[in-house]
Amino acid sequence: MKYFQEKGDQYKLELLEGFKGQSITLYKQGAFTDLCRGTHVPSTGFLKFPKLLSIAGAYWRGDSNRQVLTRIYGIAFPKKQMLEDFIKMREEAEKRDHRKLGKELELFMISQTIGGGLPVWLPNGTLVRRLLEEFLRNELIKRGYQEVITPHIGNLNMYRTSGHYPYYADGMFPPIKFTDETGREEEYLLKPMNCPHHHQVYSSKPHSYRDLPIRLAEFGSVYRYEQSGELSGLSRVRGFTQDDAHIYCTHEQLKAELVNAIDLTQLVFKTFGMEVKTRLSFRDPANKEKYAGDDAMWDQAEREIQEVAEEMGLDYFIGIGEAAFYGPKFDFIVRDAIGRKWQLGTVQVDYVMPERFELEYVGNDNAKHRPVIIHRAPFGSMERFLSILIEHYAGNFPFWIAPVQVSVLPITDDQIPYAQELTKRLTDLGYRAKLDDRAEKVNRKIAESEQKKVPFALVIGKKEVESGQVAVREHGVGDKGAMSVEAVLEVFAGLKNA
RNA sequence: GCCACUUUAGCUCAGCGGUAGAGCAACGGUUUUGUAAACCGUCGGUCGUUGGUUCAAUUCCGACAAGUGGCUCCA
């Protein structure tokens, strides 16, 4: 301790205060001696090929009320080739950045005139989104969900009842206050989540145990005031749409419903081939004031979640302090192109809101009972899901969700009528085909089709018109030669659904 | 919100104490073309905003805004 006093290192001294009575380790490198739990490399000589990556401010001991230290990030490899590979990998990752590809492929935009963190879905992005919604909606129908639509604002008192307002006022846009024509003051909140609205749907009529489970789904747009420094492309925004649903069930049904909800989430990740980590998000018992509900409720809910995880054979880890204030949850976490982790899907158990909103059902004992609520969103947010999807595919969307699926490219004006006829035929069959009838060289048309990452280009020249064929070029593969139109349609039919 | 950096044409980017330049795109022509970008011409910018220093600021300094990388937060 004396050593660090002489050095005037207040930070290490503070750490030492906390370590009183414990053994500590010091590492030495030349004239530099560091207090660290370890492990350090024995000597900087082991760092053969270093590169400094970035510099950033970081709060001392992770506390935003304390001073900011400058943190320098760097990496070192034992071999030069490994460093070069690493740099190359990073460059490749940057090419996948959804903000870059989102612009190039005209999927979305963010306009400062509209507002930061408020993404606009351009026609191409909207197409992808609608296809994702359609995919999920089909599953919801199979799984007994009912869709609802609720307003974008709600009375502030509803959020006082739910407890969201006291907990998250900082993370919401400030209330809309006004006095109506009778002189009564009202306060509304731009909705930061859909839950309380759905609870109102549930309690709009009495329920029998025979009705349960009731599964209410909505692609619900919500607005949250994220800190300005947190905004990032489509990953972290102030306005987004959750593929939300709330399942109201009896306690006996809880586990089966959790399994169903997790199964749906896994279907989503499997469909898109995404690698996902499952986190069981539990409360931090040392911080009980951050959570609603009593110990017995939390212990039970966490136990149930873990049992389901075990029974389903999920490969999971536990995140202490990651729970919602009303209950523990399963969170499904994926990485973006540069390795940052984002939560996409979530499945949450909630015993608190049924109490707060006095939700009821009549059991077979003719007595009133509280249902349990499962909150779940397999995509999480459509915006964030798209950001991951773009980076996952590097913009090369599979056929079924590609905004444009087929480019039809006549070589000269003579082939335009044939090309128009083919385009119409494809469009009539429900394919998203685009005719490029400009007076450009076919090389140019192909280049642009490839840059837009259109899965197929159908080149039509004199030969194809004469033989009633098309020359097929597959994105990322190349020229596949001439095929009959029928054969092409067969290929497309095979790719139509997922 | 905090720390650092960045902000020049629709896009990607040069440049600089003496009021700006390229490629692509757009537009007008010419070209009718066989698997990744034909040719010629035209248009296009109060150099993020706002103060200051200076004879003179897009350039230097400050503030603000937005973006980027982190931190904190994330129902």
Side-chain angles (χ1 to χ4, degrees), chain A residues 53-73 94 97 99-100 103-104 106 109-113 115-117 159 162-172 191-196 222 224-233 235-238 242 244 281 290 292 322-327 329 331 338 340 342-343 346 348 350 352-353 375 377 380-381 384 407 409-416 438-452 457-464 471-482:
Chain A
L53 298 176
S54 66
I55 188 162
Y59 294 111
W60 172 234
R61 306 191 93 172
D63 184 339
S64 60
N65 295 313
R66 306 199 63 178
Q67 55 276 62
V68 173
L69 308 183
T70 301
R71 181 182 293 173
I72 297 166
Y73 291 81
E94 279 164 21
D97 190 315
R99 291 165 297 202
K100 185 176 150 67
K103 193 180 278 184
E104 287 171 7
E106 298 179 44
M109 60 173 270
I110 293 172
S111 152
Q112 293 315 313
T113 308
Y159 300 98
S162 72
H164 285 101
Y165 190 66
Y167 271 95
Y168 293 111
D170 287 348
M172 298 172 176
K191 78 172 168 187
M193 81 291 299
N194 305 298
C195 332
V222 297
R224 298 179 182 178
Y225 185 80
E226 300 288 355
Q227 300 178 78
S228 59
E230 267 305 339
L231 299 176
S232 175
S235 313
R236 192 80 182 262
V237 291
R238 288 178 173 162
Q242 298 175 314
D244 212 353
S281 298
K290 277 176 67 182
E322 301 287 352
F325 77 86
Y326 48 74
K329 49 187 182 145
D331 287 319
I338 62 169
R340 287 179 297 202
W342 298 98
Q343 179 197 310
T346 183
Q348 315 177 352
D350 179 5
V352 171
M353 293 303 152
H375 306 241
S381 113
R384 183 176 290 178
S407 302
L409 311 179
I411 292 174
T412 74
D413 289 355
D414 293 341
Q415 289 88 43
I416 287 178
R438 293 172 306 166
E440 291 287 351
K441 295 186 75 165
V442 73
N443 282 341
R444 171 63 165 267
K445 297 182 184 183
I446 286 166
E448 289 185 13
S449 179
E450 291 285 351
Q451 277 158 6
K452 293 291 180 191
L458 303 182
V459 177
I460 298 161
K462 202 174 164 192
K463 281 183 287 187
E464 284 72 26
V472 180
R473 184 190 170 97
E474 189 175 351
H475 175 59
V477 177
D479 188 358
K480 301 191 79 171

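Quick note: numbers below take in every heavy atom, side chains included, and nothing from hydrogens, waters or symmetry partners. Every chain is numbered from 1, with letters handed out A, B, ... down the list of sequences.
- Residues A/Asp479 and A/Val472 approach most closely at OD1-O, 3.4 Å, considering heavy atoms.
- Dashed line: the shortest gap from a side-chain N or O of A/Arg236 to OP1 or OP2 of B/G69 is not under 4.0 Å.
- Looking at A/Lys452 and A/Glu448, no side-chain N of the basic residue comes within less than 4.0 Å of a carboxylate O on the acidic one, giving no salt bridge.
- Using a 4.0 Å heavy-atom cutoff across all strands shown, A/Ser228 reaches at least one base atom of the nucleic acid.
- Comparing the C1' positions of B/U32 and B/A25 gives a spacing of 23 Å, expressed to the nearest Å.
- With hydrogens and angles left out, the side chain of A/Glu226 and the base of B/G1 share no donor-acceptor pair within 3.5 Å.
- The two residues A/Val352 and A/Ala292 make their nearest non-hydrogen contact at CG1-CB, 3.9 Å.
- Residue contacts for A/Glu104: at a heavy-atom cut-off of 4.0 Å it reaches no nucleic acid atom on any strand shown.
- Scored by the salt bridge (Lys or Arg N to Asp or Glu O under 4.0 Å) test, A/Arg99 finds A/Asp97 as partners (sequence neighbours excluded).
- Shown here are the ring pair (Phe, Tyr, Trp, His ring centres under 6.0 Å) partners of A/Tyr167, two or more places apart in sequence or in another chain: A/Phe325.
- Closest-nucleotide positions on RNA chain B for A/Ala323 and A/Ala447 were compared, and the one nearer the 5' end corresponds to A/Ala447.
- Within 3.5 Å, a donor on the side chain of A/Tyr59 pairs with an acceptor on the base of B/G1, or the reverse.
- Separation of the C1' atoms belonging to B/C47 and B/U8 is 4 Å when rounded to the nearest angstrom.
- No engagement by A/Gln242 is indicated, since no non-hydrogen atom pair under 4.0 Å with the nucleic acid exists.
- Counting any heavy atom pair closer than 4.0 Å across all strands shown, A/Gly62 reaches sugar-phosphate atoms only and no base atom.
- Nucleotides B/A36 and B/A66, compared at atom C1', are 36 Å apart to the nearest Å.
- Between A/Ser64 and B/G1 there is no side-chain N or O to OP1 or OP2 distance below 4.0 Å.
- Using a 4.0 Å heavy-atom criterion, one finds that A/Met109 contacts no nucleic acid atom at all.
- If you take atom P in B/G21 and the same atom in B/C16, they sit 14 Å apart, rounded to whole Å.
- Contact annotation for A/Gly233: backbone-only contact, meaning every heavy-atom pair under 4.0 Å involves sugar-phosphate atoms and none involves a base.
- For B/A4, its base never sits under 3.5 Å from the side chain of A/Arg71 at any donor and acceptor pair.
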Mind listing the N/O atom pairs, protein and nucleotides 26-33 of chain B, below 3.5 Å?
{"residue": "B/U32", "atom": "O2", "partner": "A/Asp413", "partner atom": "N", "Å": "3.1"}
{"residue": "B/U32", "atom": "N3", "partner": "A/Asp413", "partner atom": "OD1", "Å": "3.3"}
{"residue": "B/U32", "atom": "N3", "partner": "A/Asp413", "partner atom": "OD2", "Å": "2.9"}
{"residue": "B/U32", "atom": "O4", "partner": "A/Asp413", "partner atom": "OD2", "Å": "2.9"}
{"residue": "B/U33", "atom": "O4", "partner": "A/Ala439", "partner atom": "O", "Å": "3.0"}

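- Look at the P atom in both B/G1 and B/C61: the space between them is 24 Å, to the nearest Å.
- The A/Val459 side chain lies nearest to B/U35 when the options are B/U35, B/A75, B/A4.
- Taking 4.0 angstrom as the limit, A/Arg224 places none of its side-chain polar atoms (N or O) nearer than this to OP1 or OP2 of B/C73.
- Remark: RNA chain B forms stems of 3 or more consecutive Watson-Crick or G-U wobble pairs, all pair distances under 3.5 Å, at B:1-7 with B:65-71, B:10-13 with B:21-24, B:26-30 with B:38-42, B:48-52 with B:60-64.
- Rounded to whole Å, the separation between the P atoms of B/G44 and B/A22 comes to 13 Å.
- The gap from the C1' atom of B/G23 to that of B/A37 amounts to 12 Å, rounded to the nearest Å.
- When atom types are taken as modelled, the side chain of A/Arg224 and the backbone of A/Pro192 share a donor-acceptor pair closer than 3.5 angstrom.
- Residues satisfying the salt bridge (Lys or Arg N to Asp or Glu O under 4.0 Å) criterion with A/Arg236, sequence neighbours excluded, are A/Glu226, A/Glu230.
- Residue A/Pro192 places its side chain closer to B/A75 than to any other of B/A75, B/A4, B/C73.
- Both A/Lys463 and A/Met193 lie near RNA chain B, and the one whose nearest nucleotide falls closer to the 5' end is A/Lys463.
- Residues meeting the salt bridge (Lys or Arg N to Asp or Glu O under 4.0 Å) test with A/Glu94, sequence neighbours left out: none.
- Listed candidates were B/A36, B/C71, B/G69. Nearest to the side chain of A/Ala58 is B/C71.
- B/A20 and B/U59 have their C1' atoms separated by 11 Å, with the value rounded to a whole Å.
- A/Leu231 comes within 4.0 angstrom of the backbone, heavy atoms only, and of no base.
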